[in-house]
Amino acid sequence: MRWAVAVTAEGTALLCPLDGRGRAAGPVAAEPDVARAVAERTASGSVTRWVWRSTAQVYPRLLEAGVRVERCHDTEACEALLLGREGRWGEPRSLSAAWARLRRAPVPEDPPLRAADRQPSLFAPGPVPLPPGTDPLEALLEVYAGQLRRVEAAGHPERMRLLLAAESAGTLVAAEMNRAGVPWRADVHRELLRELLGESYPGGEPTRLAQLAEEVSRAFGPGARVRPDLPADVVRAFARDGIRLSSTRAWELRKIDHPAVAPLLRHKTLYRLHTAHGRSWLRTWVRDGRFRPEYVPGGSVTGRWTSNGGGALQIPKVVRRAVVADEGWRLVVADADQMEPRVLAAVSRDRGLMEVAGSGRDMYSVLSDRAFGGDRDRAKLALLGAVYGQTSGDGLRHLADLRRRYPAAVAYVDEAARAGEEGRLVRTWLGRTCPPAAAREEDFGDGGAGPPETDAQGPSGGGAARARGRFTRNFVVQGSGADWMLLVLASLRQSLAGTRAELVFFQHDEVIVHCPAQEAEAVVEAVRAAGERAGRAAFGETPVRFPFTTAVVECYADAK
DNA sequence: TTCTTTAGCGCC
DNA sequence: AAAGGGCGCTAAAGAA
């Protein structure tokens, strides 16, 4: 049975069981302690899903008390998905806002999801308050019942139900991972910094960076002083040597033949390490042997997660040396094989591509054997070009080959692109909906104002419309992949329940489980099973396989 | 001085 | 080989 739980302003709990339509099916209980109230009902096994305002509001205090739940319905996460599905993307998602809409009352704004957009403050924003005197459980029930009705009104109610369940499960995983943290050896990290950057003193430049800056300067002639970390400085220096640069991006520098290039590129890499993952990062984000980022499920519009602080989803390869399992424990690092091409096969139902994705083999190799004369790189380029909206180069030619052999697959993403260019909405397989163009106008150039971009204009219209098309083309694949991966997480989390293994890291198509060494093989099997189960759950009976590459390691850096 | 934007690069 | 989809973060540059 489903139960609803609301936390009052005083921090106490109001709970009641629910019927199938989300109405109270029993008396309301008022209890002083949320964690205890939930724990007691969870232990009895009578609760299959907890309905609450948001996981972020309720679950951390449960975890603090050692209480885990199996399933939940996060009304705020679900509200965002439902609003999108209804073409009302961007309306506030808070419970208070949803309740106000039902009552036709003034709708309060949401606080920004991203910490970077929030006012600097010591405290994360609390929940958007309900009007004074409102019973939080009644508001929760009203909103929840309304959401159940809206699910039924959606195009594919069964898919929408699955999507809401998956997103909610994701919020549970995120809260648990926030709490667990990534095992992190600060001593290994510091040693690595010393090796690569040399000695560094507080406030000073690491010795290796200073040396490289010297080398760069020398390469521009005696007496020259060029600071590699100042792009304008670098552009000027090259100009003096007769080389014109439009930027100092690494790929542009690599095209140039000049003695300054090599030390400059090296400096870029190390400077980046120093500023983004150096000692100050270590001090800020690593405590008690754990790196604790804050995950934001659904933080990006495609359904991918983002993170606040610490750059959790951009940990450079070299730094992964510092991610080390506890004594006697292992890291199971699992990477979904060619997630996006497999998802494209599943959603487009292209017979040929489904067959390619139907073996456990590397998809690009199979594809290259069949259509690209054994050239795996070309096959990969063609497929990624189709998904990303390649506009020029060899990839475009390869795309034509792909279109001939796998017409339904290419037509699927082409149609998504056309929809975007024409200002229509697109959705993932489960119904996650892309934001309308207007909501993202600032991301797509001038939005129609100003002079036309002559060189960027093609047969399909202006640069903004085509950028929109690339976005929607990518959205249907990247987003459906994100939906599938959420189901993987949910399934994996269920099978790890009751063991000592814990999810500690998740990055788009990759997940890390930290577990006792003797549990590692069981975790590997659990990942494999979760991938297949998620595939069937999301896409129904499909020949497409969803394999993972897994590695059981003590150190993250050894996984690939 | 303080705030916002830009350049650049890390990850998928 | 070219520079396309999604993000976050830092320091410098520019604006106020």
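In the text below, chain A, chain B and the rest are named by the order of the sequence lines, each starting its count at 1.
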Please pick, from C:dC7, C:dA12, B:dC12, the nucleotide with the shortest atom-to-atom distance to any side-chain atom of A:Asp229. C:dA12
Any A:Thr248 side-chain nitrogen or oxygen under 4.0 Å from OP1 or OP2 of B:dG8: yes
Considering only heavy side-chain atoms of A:Lys268, the closest of C:dG6, B:dC12, B:dG8 is B:dG8
Interatomic distance, A:Arg283 CZ vs C:dT10 C1' [rounded to whole Å]: 15 Å
Give the nucleotide from the list B:dC12, C:dA1, B:dG8 with an atom nearest to the side chain of A:Glu510. B:dC12
At less than 4.0 Å, is any side-chain N or O atom of A:Lys317 found next to OP1 or OP2 of B:dC12? Yes or no. yes
If you measure only the distance, is there a donor-acceptor pair under 3.5 Å linking the side chains of A:Thr433 and A:Arg427? yes
A:Ser247 side chain, from C-beta outward: closest of B:dG10, B:dG8, B:dC12: B:dG8
Strand DNA chain C in bracket notation, Watson-Crick/G-U under 3.5 Å with | for pairs to another chain: ....||||||||||||
How is A:Arg227 classified with respect to the nucleic acid when contacts are heavy atoms under 4.0 Å: base, sugar-phosphate, or nothing? sugar-phosphate
Could you tell me the separation between the CG atom of A:Asp337 and the P atom of B:dC12, rounded to a whole number of Å? 14 Å
Return whichever of A:Glu252 or A:Leu313 has its heavy-atom-nearest nucleotide of DNA chain C closer to the 5' end. A:Glu252
Once you apply a heavy-atom cut-off of 4.0 Å, does A:Gln507 come out as touching a base, just sugar-phosphate, or nothing? sugar-phosphate
Using a heavy-atom cut-off of 4.0 Å across all strands, would you classify A:Leu384 as base, sugar-phosphate, or nothing? nothing
For the CZ atom on A:Arg424, are there more than 12 heavy atoms of other groups (residues, nucleotides or ligands in this structure) within a distance under 6.0 Å? yes
Roughly, in whole Å, what's the span from CH2 in A:Trp305 to C1' in C:dG8? 17 Å
Which nucleotide in the set C:dG5, B:dC12, B:dC9 lies at the smallest distance from any side-chain heavy atom of A:Arg272? B:dC9
C:dG5 OP1/OP2 closer than 4.0 Å to side-chain N/O of A:Arg470: yes
Nearest-angstrom distance from the residue atom CD1 of A:Ile315 to C1' of B:dC9: 16 Å
Where the side chain of A:Arg249 is concerned, which of C:dG5, C:dG6, B:dG8 is the nearest nucleotide? B:dG8
Can the ring centres of A:Phe505 and A:His514 be said to be less than 6.0 Å apart? no
Comparing A:Thr302 and A:Ala312 on DNA chain C - which has the more 5′ nearest nucleotide: A:Thr302
Ignoring hydrogens and geometry, is there a side-chain-to-backbone donor-acceptor pair from A:Arg349 to A:Ala346 under 3.5 Å? yes
Quick one: which of C:dG6, B:dG10, C:dA13 gets closest to the side chain of A:Pro316? B:dG10
Taking the side chain as everything from C-beta on, heavy atoms only, tell me whether A:Cys555 gets closer than 4.5 Å to A:Arg185. no
Over all strands shown, is A:Arg378 touching base, sugar-phosphate only, or nothing at heavy-atom distances under 4.0 angstrom? nothing
C:dG8 base to A:Gln314 side chain: any donor-acceptor pair below 3.5 Å? yes
Taking CG from A:Asp509 and C1' from C:dC7, how many angstroms apart are they, rounded to a whole number? 14 Å
Quick check: are there more than 12 heavy atoms from other residues, nucleotides or ligands sitting under 6.0 Å from NZ of A:Lys268? yes
A:Asp233 has an atom CG; how far is it from atom C1' of B:dG8, in whole Å? 16 Å
Scan A:Ala250 against the nucleic acid and name what it touches under 4.0 Å (heavy atoms): base, sugar-phosphate only, or nothing. sugar-phosphate
Can you identify which nucleotide, out of C:dA12, C:dA3, B:dG10, has its nearest atom closest to the A:Tyr271 side chain? C:dA12
Before accepting this row, confirm whether a basic side-chain N of the pair A:Glu215/A:Arg266 lies closer than 4.0 Å to the acidic partner's carboxylate O. no
Ionic contact status for A:Arg418 with A:Glu421, cut-off 4.0 Å: no
Is A:Arg287 atom CZ crowded by more than 12 heavy atoms from other residues, nucleotides or ligands, each under 6.0 Å away? no
For C:dG8 and A:Thr306 - does any side-chain N or O of the residue sit under 4.0 Å from the phosphate oxygens OP1/OP2? yes
Taking the side chain of A:Tyr388 as its heavy atoms from C-beta onward, which of B:dG8, C:dG5, C:dA12 lies nearest to it? C:dG5
Euclidean distance, atom NE2 of residue A:His277 to atom C1' of C:dA11 [Å, nearest integer]: 16 Å
May I ask you to say what A:Leu273 touches in the nucleic acid, namely base, sugar-phosphate or nothing, with a heavy-atom cut-off under 4.0 Å? nothing
Between C:dG5 (C1') and A:Arg466 (CZ): distance, integer Å: 15 Å
